[in-house]
Each structure stands twice: as structure tokens, then as C-alpha cells.
Amino acid sequence: MNQEYEMVIGLEVHCELKTQSKIFCACPTSFGAQPNTHCCPVCLGMPGALPSLNREAVRLAARAGIALNCEIHTHSQMDRKNYFYPDMPKAYQITQFTYPLCTCGWLEIEGEDGKKRIGITRIHIEEDAGKMIHTPHGSLIDYNRCGVPLIEIVSEPDLRSAQEAKAYVQKLRSILTAAGVSDCKMQEGSLRVDVNLSVRKKGDLSLGVRTEMKNLNSVQFMGKAIEFEAQRQVGVLESGAAVFQETRRYNEETGRTEIMRRKEEAEDYRYFPDPDLQVVYLSREEIEQIAGEMPQLPDERLCYYQEKYGLPAQDAGLLSQNLSVSRCFEQAACHSKYPKIAANILIANWLPFFDFSGEEEFPQLWEQLSSLADLFGDARLNSGTVKNLAVRIWKTGEDPKTIAQRENLWQIQDEAALLPIIQNVLAECPRAVQDYHCGRQQALGPLMGQVIRRTSGRADPQIVRRLLIEILARNGEKENLGG
Ligand code: ADP
Ligand code: MG
Ligand code: ZN
């Protein structure tokens, strides 16, 4: 992007709450059922049907607010947001407008230059709409999702790049899944992101005109949409024209954003308090109780891993941000004599294969991991073998001991067995030996490599190294005496 400009981004994240039933009726919330089978007069908006608020949704929303350092209000209000579109059969959505449940929070991301706090303006409770499916023969509608409880998390315009926006969404997912508030599956639509973006000349204090982008169903696409839209706005401004406040859609095929509609204003929605619902009341005691029941959050886990296992901050960070990764590590750590080794094996050999932005679970290979860590810690396997085995176990889930036994991979530490091999290698590599005697320490590397290769990778590298140094020193003395 043109270096004179900077992006300003604020995100609105919709997130489905993990309740059993919908927010105003008893219909189930589970995903993937036959269309229009999870519906009743309330969520279909039949005349005369009355909503009754699911308290579990309120508690989960409060839990999200507490996890995101918000102020939780004892009194909040459900409002009607009026609009006509077939995804909402009542012709209004029940949401919170004037008095949301949570305000003034923040979360911390790794920004471009270190840690950065991103403000959270508000979190409000609302109901989801139905899902439209557009086909060449017409549009179809599935109301199973209609009335599923949501929270909308609105950030301050504090993000300055696609990278920061991605880090924010990932951190949000990691906090909300750990808090047990939501599954946060972008592909299934249980987490959806709208991006508000404007650009301005660096140093400007006022904000530029923003556009809002919808239809972003992965973190990668969101990043691409942001890059494209920022470029587009800079182009518009540089040509002397103005950016319009509008809603745009990201087209995954073209990689471009396209206009959907000019942005609607709050007055278009004629918000007013829903007369069918009372003020939402949460006592201070209940808020305290929800806070007290909070599961461990990723950043707490990070500190815990540093203290309990002596892991460096960066490693602790890698192991604490995804719930399924943490689960695998913790299980391995408490079953192994060497938790730190287990951490290193997991980070070096398995994490590179795992997509943090994706939705798959990290494989729970903790039994294999703890056993591999013990075999290495107890010097039964050397580091090269552990690396090979780790990669194989990732693919097959096999037990390391079984493979090592079957293929005889046990480390050789017996000096009597290693000595003749070392003597042979020294006799066959006079160049390397000479280099070493001339003071080139690096010559040790290829010599060690040769010895280890001749034991099919099983020699203990530390013992080989020590023996090599001893023998070379002895030979060196002999030469000096002889000469
Ligand atoms: P709405 O989209 O309903 O009009 P808001 O006006 O509160 O709601 O803004 C929604 C989001 O847009 C917030 O995340 C906010 O940080 C962000 N935002 C507001 N103004 C700008 C701007 N000029 N540039 C970028 N983001 C903005
Ligand atoms: Mg908006
Ligand atoms: Zn229903």
C-alpha cells in the first residue's frame, strides 16, 4: 500500500452462544439438521407467539464480557431492529441497542511492534437470522438458525493492518472457545466477521470514511479482503474522488470487493425497546458467580506453563492459544517424567503441521508424546530418532516403543561397541582429522555424522562426540611425540 497512508480497522464479530436451546424458545440449536426442522411458532414469528429469554444465553454473554475485560451491566435491554428481509420472519430482529450487556473491554494481541491492546466498545446479545440459499431456480430459506443466541462483539477502530485484524480474530476465538462461550467455527458460521475499514494519511487524527465488508468466512479471506479494500480506497482518494460509506461483499473468486448497498443508518431500523421482554437483570452476585466459574483462559495458561514447566514465553504462547493443543500438551506433560521435552517435541515436530486458523482439532496423541519424551529423557532414543519417530507418529498414531522395538532403534551408548566404529571412521577420513588438528573444530561434525550413520542413526551423539575428542587428542599427542 502507498506508504503515505495507513489503514484503520474496526471489527464486528458475531458469535453463536453454546446453549442447548434457542434464545426465545425451546427449539434446539444443533448444526446440520434437515432444513426447517428446528422451528416453532416463536422462532417463526407467528402472530401472538411470545418470546421468553433463555437465561443461559445471558450468562454466557456475561462470561464472554468478563473474559474480555468488560464492564458487565446489571440492567440491559432488548430492542427491536426493524427490517424486511425473508431471513427474519418477524420482520424485526431482537437485539440490544441502547443498553448493551457489556461495554468498555479489551484484549491483547501480538501487534507489529509488540503487545497491543485492542479496545472492545460493546458486547450485546441478539438472535440469529435464518440462512438464505440462493439457487438458479430461486432462493431457499432455512429457519433452523433463526433465534439461535448470538453475541456481537464490536471493537474500537484500533487495528492498523490485515495482520493485526487476523491476530485479533484468532485471539478472540482462542479466548471464547476456552471460556466455553462458543465453538467459534467460521466454516459453520458460528463465528462471522464484518470488517469496517477506512484509510487516512499517516499523522491525520480524524478518521476517513469507512466501508463495511461482509461475507468473510475464513481468516485468510478476511486478510485478503482487507488488503484489497485498503488499496482500492487509497486509489479512489489519490484519484481525487471520495470513498462512499457503503456495505461491500468480498468475492473469493475475483479477490475483489463489490458494492452490495449504500450503508443504512440507525434511524432506518427504527429501534425501540421490545415490549414483549422485560429489562434483562443480572445481580452483582450472579456476575461474581459467573466470574468465579470462568475456566482457565489462554493467557493465564501461558503464565502457568512458564511457571510450572519452566517453558520460555514463546513456547508457552504456542502451546496455550488453542484448546486442543493445550489439552494434548497438558496430558502428555502430566504423564511424562520430562514435560519440557514433551513440549519441545510437540512444538518442533507437530505444530508446523497444524493450522491454527483452521477448525480441526489437534490430534490427541498425548500417550505417544509422553512416551517419546520419556524414551528421549532416559537416553533410550537419540534426538535424530526422536525426530523421525515424531513425524511418523503424527501420520500413523503408532506407539513409539513398539516401533523402536520392532525396528531396533534403541540408542547405542556402549563405548566398547562405539570405539571400533570410531577408529574406522578416523582411519578413513584423514582430511577431516588433519583439519581438526589444525584447529578447525567444525571438522568434528562430519566425523560424528559418519559414526552415527554407521550405526543406522542409533549412536548417542554426546558419547560419540566425547570419544572422538578424547581419541583425537591422544592421537595428536602421539604425533607430537613422534615428530
Ligand atoms: P454500525 O456499523 O452499526 O454503524 P458503529 O458505527 O458503531 O456501528 O461501528 C461499527 C464498527 O466500525 C466498529 O468496530 C468501529 O470501530 C468501526 N468504525 C467506525 N468508524 C470507523 C472508521 N472511520 N474507520 C474504520 N472503522 C470504523
Ligand atoms: Mg455495522
Ligand atoms: Zn422455536
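Numbering of ligands and ligand atoms starts at 1, following listing order.
There is a side-chain donor-acceptor pair under 3.5 Å between T211 and Q233. Between the side chains of Y5 and E238, at least one donor N or O lies within less than 3.5 Å of an accepting N or O.
Contacts of D194 with ligand 1, taken as heavy-atom pairs under 4.0 Å, are absent altogether. Proximity of E212 to ligand 1, defined as any heavy-atom pair under 4.0 Å, is confined to the side chain (atoms from C-beta onward).
With distances taken over non-hydrogen atoms, the option nearest atom 19 (C) of ligand 1 out of E12, M7, R210 is R210. With atom 23 (N) of ligand 1 as the reference point, the heavy atom nearest to it among G208, G10, S206 is part of G208.
The Zn ion (ligand 3) has C27 among its coordinating residues (N/O/S atom, backbone or side chain, under 2.8 Å). Not one N/O/S atom of H38, from backbone or side chain, sits under 2.8 Å from the Zn ion (ligand 3). Checking C25 against the Zn ion (ligand 3), an N/O/S atom falls under the 2.8 Å cut-off.
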Next item on the list: Report the C-alpha distance between I141 and I133 in whole Å, list the side-chain angles of each, state the deciding distance to 0.1 Å, and finish with yes or no for side-chain contact (heavy atoms from CB on, under 4.5 Å).
Entry: CA-CA 6 Å; I141 177 82; I133 301 141; over 6 Å; no
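The aromatic rings of F354 and F362 sit perpendicular, their planes meeting at an angle over 60°, well past the 30° parallel limit. Under the 30°/60° scheme for interplanar angles, the aromatic rings of F221 and Y250 are found to be tilted.
When ring centroids are compared, F329 and Y309 come within the 6.0 Å threshold. In summary, the aromatic rings of Y168 and W106 are positioned with their centroids too far apart to meet the 6.0 Å limit.
Near V154, the atoms of ligand 1 lying under 4.0 angstrom from a non-hydrogen atom of the residue are 13 (C), 14 (O). Each of the following atoms of ligand 1 lies closer than 4.0 Å to a heavy atom of L11: 14 (O). Distances below 4.0 Å separate heavy atoms of E156 from the following atoms of ligand 1: 16 (O).
The N/O atoms of V209, backbone and side chain alike, include none that comes under 3.5 Å of an N/O atom in ligand 1.
Formation of a donor-acceptor pair under 3.5 Å by the N82 side chain with backbone atoms of R270 is found in this model.
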